[in-house]
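What follows is one structure encoded as structure tokens, with my remarks underneath.
For clarity, every value in this text was computed on a predicted model and none was experimentally measured. So that the names make sense, note that chain A is the first sequence line, chain B the second, and so on, each numbered from 1.
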Amino acid sequence: MASIKTSVPKGTRDFSPVEMVKRNYIFDTIKTVFRKYGYQEIQTPSMENLDTLTGKYGDEGDKLIFKILNSGNFLNAARKKDVDFTDENGSAKLTSYISEKALRYDLTVPFARYVVMHQNDIAFPFKRFQVQPVWRADRPQKGRYREFYQCDADVVGSDSLLNEAEFILIYDEALCNLGLTDVTIKINNRKILSGIAEIIGKPELIVDMTVAIDKLDKIGLDGVINELLERGFTASDIEKLKPVILLEGTNEEKIASLKAVLAVSATGLKGIAEIETIFKYLKDLTSQISNLKSQIQLDITLARGLNYYTGAIFEVKANGVSIGSIGGGGRYDDLTGMFGLKGLTGVGISFGADRIYDVMEELQLFPESANETTKVLITNFDAESERYALPLLTQLRSLQIATELYPASAKLKKQMSYADAKQIPFVILIGSEEIQSGKLTLKNMKTGEQQQLDREQLIQKLTD
RNA sequence: GUAGGCAUAGCUCAGUUGGUUAGAGCAUCAGAUUGUGGUUCUGAGGGUCGUGGGUUCGAGCCCCAUUGCUUACCCCA
């Protein structure tokens, strides 16, 4: 048989039955918590119009969008346009002629599109959750895939900071239910970052500033300073930044120092006030913030890349595991503005299900149970026993017992091996003896014991 | 886009300074056992050593190119 080397595109994976059980456990756990907090599920198409997505994720992001080639003779269509095939930078122009659809890059932008499209049917504030795969044309590496699932919850049309506080509770509850108890939920506020850039006198460099100080954990203070210099900050700017970057202590202590540093920045103070309000909500919701399983940490070096965050920024890390963040989110004041609907604020979070899977695997947090699929296998000796077994098969299934009849009269050894490989806990043997006596043999695959039972007893045994 | 590592059976990998017919474990199939799995024993099938070129009497091994995978950087879940 001629064989081709089989593979899947890099950064993508197959999921085996065993893996799917675990994955669904994660999805179900997260979804249950979302619903409990009043979020409703929606889905959007895997592909969006290309122009819905482009320009929303920055230049780097745009490059990582998987574009779908037009059907038909796109080459001729491109020729008719004024594409210069010798131009090194001509591919961007060409793209617009040969591709008009793309795979979704995240769930937030399609959601914004959804809200604008269906604004007349939506009761605001609108709380939705969405669990679907997204695609990024990235270089895969540990914990980074080209196809992965996000579990997003967002609310639009409410500027209350109660939402932010509840998202922290959702993170805490969902991750705790999954067995992830050693987790840090980092929180920051874009307005604090703006305030810092303001007092340095370089508000236009806020993105460069945040990208650089975000790496403190990774490259250390010297690395951050070098990067800041490369990005256009002076030595005296950095002197002003240093105390802020190196801020330490409890959340309360950090807030107190920030208040002093940012005293002249109205924006910065507003950011601090928002954080304080969120903490206050948390306290009232939990009676003690320390009742939460996760550690809540104000971290002003936290600056997720997404350019549209305007208020709170979240990031979630599993401690003791060398994998990037397992979740993130934040507030964006003008979520739908890019699609022409102004003045709608949104705030949301995302769980990275694939990374949570990797972390749980590494920490061995998956429960043993729920692995069994079929509960009973009926063996198949010959045509007569097969015919005898069919009504029983139907009867067991009608009682919601997952049952299968081995579909051929293969050797018993083979049938038993099949049951074993599939971890089926019970096997019913029906041969000429059983048909004659009406007593069927039920074998418990775990203990190996066998019993002769009539139908009533058998069903009794299996429905226990 | 930048830099490193790897590529040998379905899977995980050995393979000596280059030397006869390329091995193991797992998996699969068959038998020991014609009505009994998971343990055991015996046997079998399965390879263009990623691809193309070069050096050599001789290449899985050395050299060049190429493709794929992978790790790190940028960026991100």
message: Please confirm whether the ring centroid of Y171(A) lies under 6.0 Å from the ring centroid of F351(A).
response: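 Distance test on ring centres: under 6.0 Å, yes.
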task: Would you confirm whether the ring centroid of F167(A) sits within less than 6.0 angstrom of the ring centroid of Y37(A)?
output: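 Aromatic pair excluded; centres sit 6.0 Å or further apart.
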It should be established whether [X] places a side-chain nitrogen or oxygen under 4.0 Å from OP1 or OP2 of nucleotide [N].
X       : N      : answer
Q141(A) : C76(B) : no
K411(A) : G31(B) : yes
K215(A) : C75(B) : yes

[N] [atom2] sits how many Å from [X] [atom1], rounded?
X       : N      : atom1 : atom2 : value
N444(A) : G37(B) : CG    : P     : 16 Å
L440(A) : G35(B) : CG    : P     : 18 Å
I424(A) : G38(B) : CD1   : P     : 15 Å
D208(A) : C75(B) : CG    : P     : 10 Å
Y418(A) : G37(B) : OH    : P     : 17 Å

task: For R231(A) and for P140(A), find the nucleotide of RNA chain B with the closest heavy atom, then tell me which residue's nucleotide is more 5'.
output: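 Per heavy-atom nearest nucleotide, the more 5' residue is P140(A).
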task: Take K142(A) and A421(A), find for each the nucleotide of RNA chain B with the closest heavy atom, and name the residue whose nucleotide sits nearer the 5' end.
output: A421(A)
I want to verify a distance call: between [options], whose nearest atom is closest to the [X] side chain?
X       : options                : answer
L412(A) : C75(B), G35(B), U70(B) : G35(B)
R136(A) : A77(B), U71(B), U36(B) : A77(B)
L429(A) : A30(B), A72(B), G35(B) : G35(B)

- request: Using a 4.0 Å heavy-atom cut-off across all strands, classify Q415(A) as base, sugar-phosphate, or nothing.
  value: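 Q415(A): no heavy atom of the nucleic acid under 4.0 Å.
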- prompt: Mind checking the C1' distance from G53(B) to U48(B)? Whole angstroms is fine.
  reply: 16 Å
